[in-house]
Q: 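Structure incoming, see below.
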Amino acid sequence: MVEHDAEHTRFVALGDSFTEGVGDPDPSLPNGVRGWADRVAEQLALADPRTEYANLAIRGRKLREVVEEQIEPAVAMAPTLVTLYAGGNDILRPRVDIDALMAGYDDAIRRLRATGAAVLLFTGFDTVASRFFSVNRGRTAIYNELVREVADRHGATIVDYWRFDEYDDPRMWDVDRLHMSTRGHITMAGRVLDTLRREHTLEQDPLPALVPVRRLDAVRANVRWTRQHVGPWVMRRLRNTSSGKYLEPRRPVPTPLAVTPIAP
């Protein structure tokens with residue numbers, strides 16, 4: 001059962017590019033993105049303008065980096081609600097010891113739950129529909145089971161991304177095919193709010209049927225994607241350079257959002 005503070009919500013979002021908001025561009029915001037966590041905070045603030053929101057997530061961060069850089073500051077904020085998704089960047093590496101990683105994850109969740117905050121954890125997405133990313137499907141399945149164990153042990157709540165079949169549609173993904181599109185972020189915000197059992201206004205019109213793509217056009221698109229996105233990603237891995245190396249957290253301290261409350 002998700003817990004709620006009797007007075008107001010202090011929401012702290014932790015993780016990597018998924019939570020930072022990559023794929024949902026907004027040049028007016030820090031780091032140029034918005035994302036599902038901003039949209040969740042906005043909906044919470046519409047119901048209660050006293051809601052405070054911080055987002056410490058930074059793209060490219062691996063699980064250990066998230067734990068080392070973000071957990072202690074989050075605990076110090078005395079949150080009432082924390083979301084955490086980390087580990088996706090580890091799963092994409094050539095070698096990873098998932099069991100060793102999850103030991104640190106387990107301790108992080110223990111520390112967050114000790115604050116009395118409700119903690120939402122995410123399973124990884126099922127990449128069965130992706131010819132490129134499905135190679136890591138087994139790793140993600142192991143990660144998910146360990147996340148479920150941690151959630152059970154510490155009384156955290158699961159947002160089960162693995163079972164969200166709507167993300168099999170390529171329009172839910174950005175052009176890099178790795179991060180959610182704006183529509184994907186809006187949908188995720190709705191899923192999180194549904195998990196919290198909070199009312200929201202994030203319903204979207206159904207997508208029209210996909211138009212079949214000619215084989216030659218698909219090949220050209222794959223070549224373009226490989227050149228523009230896969231190549232630079234591989235080069236960053238070889239140079240051990242993170243895409244978020246020079247970035248700071250978008251919202252480093254919990255602050256209210258300027259929104260108009262929903263009338264009773």
Q: Under 4.0 Å between a side-chain nitrogen and a carboxylate oxygen: does that hold for D90 and R93?
A: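 A salt bridge is absent here (no side-chain N lies under 4.0 Å from a carboxylate O).
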Q: Does Q204, at its CD atom, have more than 12 non-hydrogen atoms belonging to other residues, nucleotides or ligands within less than 6.0 Å?
A: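 For Q204, atom CD is crowded (more than 12 foreign heavy atoms under 6.0 Å).
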Q: Are F18 and Y161 an aromatic pair, judged by ring center distance below 6.0 Å?
A: yes
Q: Does the side chain of T140 come within less than 4.5 Å of D126's, by heavy atoms?
A: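 Counting from C-beta outward, D126 and T140 never come under 4.5 Å.
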Q: Go through the structure and list residues passing side chain to side chain contact (heavy atoms under 4.5 Å, CB included) with L29, not counting sequence neighbours.
A: D26, R34, D38, R250
Q: Taking the side chain as everything from C-beta on, heavy atoms only, tell me whether V40 gets closer than 4.5 Å to L44.
A: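 Yes. Closest side-chain heavy atoms under 4.5 Å.
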Q: Please check if V75 and V67 belong to a single hydrophobic cluster, counting links between Ile, Leu, Val, Met, Phe, Trp and Tyr side chain heavy atoms closer than 4.5 Å.
A: yes
Q: Measuring from D24:CG to M188:CE, what's the distance to the nearest 0.5 Å?
A: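 Those atoms lie 12.5 Å apart.
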Q: Sequence neighbours left out, what passes side-chain hydrogen bond (donor to acceptor under 3.5 Å, both in side chains) with E149? Give chain and number order.
A: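 So E149 forms no side-chain hydrogen bond (donor to acceptor under 3.5 Å, both in side chains) with any residue.
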Q: Is the closest basic N to carboxylate O distance between E42 and R39 below 4.0 Å?
A: no
Q: More than 12 heavy atoms of other residues, nucleotides or ligands under 6.0 Å from CZ of R163: yes or no?
A: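 Check fails, neighbour count at 12 or below.
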Q: Grab the two heavy atoms, one from A156 and one from L121, that are nearest each other, plus how far apart they are.
A: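 Shortest heavy-atom separation between A156 and L121 comes out as CB-CD1, 3.8 Å.
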Q: A side-chain contact here means heavy atoms from C-beta on lying under 4.5 Å apart; do N144 and F125 qualify?
A: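 They are not in contact (no side-chain heavy atoms under 4.5 Å apart), so the answer is no.
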Q: Counting neighbours of CD on E166 that are heavy atoms of other residues, nucleotides or ligands and sit closer than 6.0 Å, is the number greater than 12?
A: yes
Q: Between M180 and V33, is there a shared hydrophobic cluster once you connect ILVMFWY residues whose side-chain heavy atoms come closer than 4.5 Å?
A: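 No, it is not one cluster - the side chains of M180 and V33 are not joined through contacts under 4.5 Å.
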Q: Tell me, with the steps shown, if V96 and L101 meet side chain to side chain contact (heavy atoms under 4.5 Å, CB included).
A: CA-CA 8 Å; V96 59; L101 281 177; 3.4 Å; yes
Q: Where is the tightest heavy-atom contact between A86 and D16, given as atom of each residue plus distance?
A: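 Where A86 meets D16 most closely, the heavy atoms are CA-OD2, 4.2 Å.
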Q: I'd like to know whether the aromatic ring centres of Y167 and W162 sit less than 6.0 Å apart in this structure.
A: no
Q: Going by ring-ring contact (aromatic ring centres under 6.0 Å, His included), W36 matches just one of F122, Y85, F164. Which one?
A: F122
Q: Among side-chain atoms of H200 and D194, is any donor-acceptor pair under 3.5 angstrom?
A: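 Side-chain D/A pair, H200 to D194: present.
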Q: What about V22 and L56, same hydrophobic cluster or not, with Ile/Leu/Val/Met/Phe/Trp/Tyr joined at side-chain heavy-atom distances under 4.5 Å?
A: no
Q: Quick one: do R10 and Y53 satisfy side chain to side chain contact (heavy atoms under 4.5 Å, CB included)? Show the steps, please.
A: CA-CA 6 Å; R10 180 173 293 146; Y53 167 50; over 6 Å; no
Q: So do the side chains of T115 and M77 get within less than 4.5 Å of each other, counting heavy atoms only?
A: no
Q: Do the rings of Y143 and Y105 sit parallel, tilted or perpendicular, given the 30° and 60° boundaries?
A: perpendicular
Q: Taking C-beta and beyond as the side chain, do L92 and L178 meet within less than 4.5 Å on heavy atoms?
A: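 Yes - at least one pair of side-chain heavy atoms lies under 4.5 Å apart.
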Q: Would you say that P252 contacts N55 through its side chain, given a criterion of any heavy-atom pair below 4.5 Å between the two side chains?
A: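 The answer is no, as the side chains (C-beta and beyond) never meet within the 4.5 Å cut-off.
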Q: Would you call V159 and T157 a side-chain contact if the rule is heavy atoms closer than 4.5 Å?
A: no
Q: Restricting to non-hydrogen atoms, name the atom on D174 and the atom on G23 that form the minimum distance, rounded to 0.1 Å.
A: OD2-CA, 3.8 Å
Q: Show your working on side chain to side chain contact (heavy atoms under 4.5 Å, CB included) between E20 and N31 and close with a plain yes or no.
A: CA-CA 9 Å; E20 185 190 351; N31 297 357; 2.9 Å; yes
Q: Salt bridge or not for R61 and E68, using N-O below 4.0 Å?
A: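 So R61 does not pair with E68 through a salt bridge.
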Q: Is a donor from one side chain sitting under 3.5 angstrom from an acceptor on the other, for S17 and H179?
A: yes
Q: Restricting to salt bridge (charged side-chain N to carboxylate O under 4.0 Å, His left out), what partner residues turn up for R64, sequence neighbours left out?
A: none
Q: If I compare all heavy atoms of V82 with all of P79, which pair ends up nearest, and what's the gap?
A: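 Scanning both residues, the minimum pair turns out to be CG2-CG, 3.5 Å.
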Q: Without hydrogens or angle criteria, can the side chains of T255 and R251 be said to hold a donor-acceptor pair below 3.5 Å?
A: yes
Q: In sequence, state the C-alpha distance, the side-chain angles, and the governing distance for F11 and E52, and then conclude on side chain to side chain contact (heavy atoms under 4.5 Å, CB included).
A: CA-CA 6 Å; F11 169 31; E52 296 174 304; over 6 Å; no
Q: Does this structure show an ion pair linking R148 with D160, if we count only N-O contacts that are shorter than 4.0 Å?
A: yes
Q: Below 4.5 Å, heavy atoms only, C-beta onward: do P249 and I58 meet side chain to side chain?
A: yes
